[in-house]
Amino acid sequence: MLTKAIKGVKDILPQDVARWQAVERAARELFKVYGFSEVRVPIIEHTVLFTRSIGTTSDIVEKEMYAFTDRGGDEITLRPEGTAGVVRAFVEHKMYATNPITKIFYMGPMFRRERPQAGRLRQFHQIGAEVLGGAEPSVDVDVLALLYDFFQRLGVQGVALQINSLGCKDCRPRYREALKSFLDARRDMLCEDCQRRIETNPLRALDCKAAGCKVATADAPDMSEYLDDGCRDHFAAVRQGLDDLGIVYSINKRMVRGLDYYSRTTFEMVATDKAGAQNAVAAGGRYDGLVEELGGPSTPGIGFAMGVERLILMLPEDGTPAPGPALFVAALGDEAQRLGRRVAHGLRKSGVWAEYDYAGASLKSQMKKADRSGASRVLIIGEDELAKGVGILRDMKTKEQAELPLEGITGELVKRLS
RNA sequence: GUGAGUGUAGCACAAUGGUAGUGCACCAGAUUGUGGAUCUGGGCGUUGUGGGUUCGAGCCCCAUCACUCACCCCA
């Protein structure tokens, strides 16, 4: 072979596409009911869009972006996530001017140059939703309800919704400082990474899997005690709303998000079994400062993204075989084959899936192809039938056969098969 | 970026250092105009690649590449 697919990117083969389409269809239907419109934004953007929005200290920006200088000297990046591009489009097209609230969703590939493993690819796909313009707790509830509904609708088992509040730009720094001094006092108990995180991203230490760090942070200060009144009320109202709607969730005080722009409500849909070590199937949160950061008017926002590959790993197995054509035409001899081709073509024009044998080998081999195609019926036209002016319609399941006059046979088949 | 595991036919897997095999799938025949089941026959291959040890390497050693899983990170 000359070359293979690039490491960490996958072909989605025909036998897998049905599952993808089922997921995408379910998403489109549900988003519509919640009043979201689809948006399609480019998969390449100016690099600065991501460095600005995601935060320069995040791993994504530091070492995972597919960033390059194009032939004209522009700094370009393949999008590593979807929110930044959507917000850019929101600002660029002044969507805030036509509607106080904009609810949009997107789906498509994202790119991060990581070491691939189960549920982690270099090109992966996300379905995401964003609400721009609403700061009320009800908006958070709506977004969470949408996410929750989606997993229920797909019948995904073994996932749990976790939420947390990270506070805002006013109260989070206070917590951050408190946590920093707490961690600093236990520096020698922490892993190397977390020692570094004390300065760069202390919140991350709460999420560290290292045994020593877990012990060291067991009685770390609690964000919920540092929330200011606004954030505390907001979080309480969100929880109230979720309870009202019967949405099952738990509060994970240690949930931190990797992207800098999050504030207040954050959440994850985590896999409780399967899916390997990469157990975040969907995640998101509020990002009230992002629109302004990207040059738009001060506009609150909240959204989430689901990893489609991870989601599909969780989906119940679908045992139903792929459907086959309504009719397969097996014809013997030149004249019969030409007739068969016309019949198949006529059925197709009427919207009926029909196949015919291209090679025109023995009847046995044509029957074999018909069987393998999954066709429910076969039209057999041999020399004898041609002479008699009939075709044999065979039901592949019951093996019943009936003669049909060739005169007007296409119309008759359309009637019977559609 | 770090670590571990695995590379044999299209797929799934065997083979105490001594002639590379089994199942599935594929093709043909048994059935000269009727698919699936059964039986019979057929081709399955530079054992990932390159070196080394050995009379002899799929097996041992080294390197390299690929894949997988985990760390990290994250959807």
Side-chain angles (χ1 to χ4, degrees), chain A residues 1 3-8 10 54 57-65 79-83 107-129 147 159 191-194 196-197 201 204 207-210 255-259 262 267-271 275-285 303-314 321 324 328 330-333 336 357 360-386 392-401:
Chain A
M1 206 167 31
T3 61
K4 305 202 304 168
I6 291 167
K7 182 199 283 278
K10 286 267 188 285
I54 298 171
T57 60
S58 76
D59 276 30
I60 293 176
V61 170
E62 264 181 45
K63 48 202 184 196
E64 294 176 359
M65 293 203 309
R79 63 181 184 192
E81 56 97 36
T83 301
M107 43 183 75
M110 306 293 162
F111 304 85
R112 293 181 199 171
R113 199 182 182 292
E114 302 183 87
R115 198 73 171 258
Q117 70 183 72
R120 191 172 76 185
L121 299 166
R122 289 184 174 181
Q123 175 178 339
F124 61 102
H125 296 76
Q126 288 188 337
I127 298 175
L147 180 64
V159 289
C191 70
E192 253 181 63
D193 287 327
C194 283
R196 188 168 39 79
R197 284 172 183 141
N201 188 1
R204 261 293 285 139
D207 200 33
C208 186
K209 285 169 194 154
M255 184 173 68
V256 295
R257 310 281 22 268
L259 282 46
Y262 288 113
F267 51 91
E268 282 186 10
M269 193 63 85
V270 298
Q278 307 300 321
N279 66 349
V281 186
F304 66 78
M306 307 185 269
V308 179
E309 283 86 355
R310 290 183 186 180
L311 177 61
I312 284 177
L313 284 177
M314 312 272 324
F328 189 100
L332 295 168
D357 190 77
S362 68
L363 182 58
K364 182 189 175 76
S365 87
Q366 293 195 43
M367 290 299 294
K368 207 164 183 173
K369 282 180 205 168
D371 184 45
R372 206 172 302 183
S373 76
S376 45
R377 278 151 217 252
V378 178
L379 178 67
I380 300 167
I381 311 172
E383 322 247 313
D384 300 348
E385 286 75 27
L386 207 56
I392 298 172
L393 184 63
R394 177 182 176 85
D395 186 309
M396 291 298 270
K397 206 167 250 158
T398 65
K399 300 186 185 184
E400 278 170 47
Q401 299 195 164

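Convention: sequence-line order gives letters A, B, ...; per-chain numbering from 1. All values derive from a computational prediction rather than experimental measurement.
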Give a yes or no on whether the backbone of [Y] and the side-chain of [X] come within a donor-acceptor separation of less than 3.5 Å.
| X | Y | result |
| --- | --- | --- |
| E309(A) | H125(A) | yes |
| R377(A) | M396(A) | no |
| E268(A) | V270(A) | no |
| R79(A) | P109(A) | yes |
| R112(A) | R122(A) | no |

Practice task
Round to a whole Å and report the spacing from CE of M367(A) to P of A37(B).
Solution key: 14 Å
Completion exercise
Separation of G35(B) atom C1' from D357(A) atom CG, nearest Å, is 13 Å
Fill in the blank from the handout: Pairing string of RNA chain B (Watson-Crick or G-U wobble, both atom distances under 3.5 Å; | = paired to other strand) is (((((((..((((....[..)))).(((((.......))))).....(((((..]....))))))))))))....
Of all the choices, [options], which nucleotide is nearest to the side chain of [X] once you look at every atom?
| X | options | result |
| --- | --- | --- |
| L332(A) | G33(B), C74(B), G35(B) | G33(B) |
| D371(A) | C67(B), A70(B), G36(B) | G36(B) |
| Q278(A) | C72(B), C67(B), U34(B) | C72(B) |
| M396(A) | G33(B), A70(B), G35(B) | G35(B) |
| A118(A) | A70(B), C74(B), U34(B) | A70(B) |

Exercise for the section: To the nearest 0.5 Å, tell me how far I392(A) CD1 sits from E385(A) CD. Expected result: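 Going from the CD1 atom of I392(A) to the CD atom of E385(A) covers 4.0 Å.
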Looking only at N and O atoms, is any donor in the side chain of [X] or the base of [N] less than 3.5 Å from an acceptor on the other one?
| X | N | result |
| --- | --- | --- |
| R310(A) | C74(B) | yes |
| Q117(A) | C72(B) | yes |
| K399(A) | G36(B) | yes |
| R394(A) | G35(B) | yes |
| Q401(A) | U34(B) | yes |
| E385(A) | G33(B) | yes |
| R120(A) | C72(B) | yes |

Using the [atom1] atom as the point on both nucleotides, what is the distance between [M] and [N], in whole Å?
| N | M | atom1 | answer |
| --- | --- | --- | --- |
| C71(B) | U53(B) | P | 41 Å |
| U31(B) | A15(B) | C1' | 38 Å |
| U16(B) | A70(B) | C1' | 34 Å |
| G23(B) | A66(B) | P | 35 Å |
| C11(B) | G7(B) | P | 15 Å |
| C62(B) | A9(B) | P | 24 Å |
| U47(B) | G35(B) | P | 40 Å |
| C67(B) | C44(B) | P | 30 Å |

Pick base, sugar-phosphate or nothing for [X], based on heavy-atom distances below 4.0 Å to the nucleic acid.
| X | result |
| --- | --- |
| I392(A) | base |
| A282(A) | sugar-phosphate |
| K369(A) | nothing |
| L121(A) | base |
| K63(A) | nothing |
| E383(A) | base |

Counting only side-chain nitrogens and oxygens, does [X] get under 4.0 Å of the OP1 or OP2 atom of [N]?
| X | N | result |
| --- | --- | --- |
| K364(A) | G35(B) | yes |
| R377(A) | U34(B) | no |
| K368(A) | U31(B) | no |

Taking side chain as C-beta onward, heavy atoms only, is [X] less than 4.5 Å from [Y]?
| X | Y | answer |
| --- | --- | --- |
| V281(A) | M306(A) | no |
| L332(A) | Q366(A) | yes |
| Q278(A) | Q117(A) | yes |

Fill in the blank from the handout: Closest to the 5' end of RNA chain B, once D384(A) and A305(A) are matched to their nearest nucleotides, is D384(A)
Completion exercise
Whichever of L363(A) and R115(A) has the more 5' nearest nucleotide on RNA chain B, that residue is R115(A)
Completion exercise
The salt bridge (Lys or Arg N to Asp or Glu O under 4.0 Å) partner of D357(A) among R372(A), K368(A), K369(A), K364(A) is K369(A)
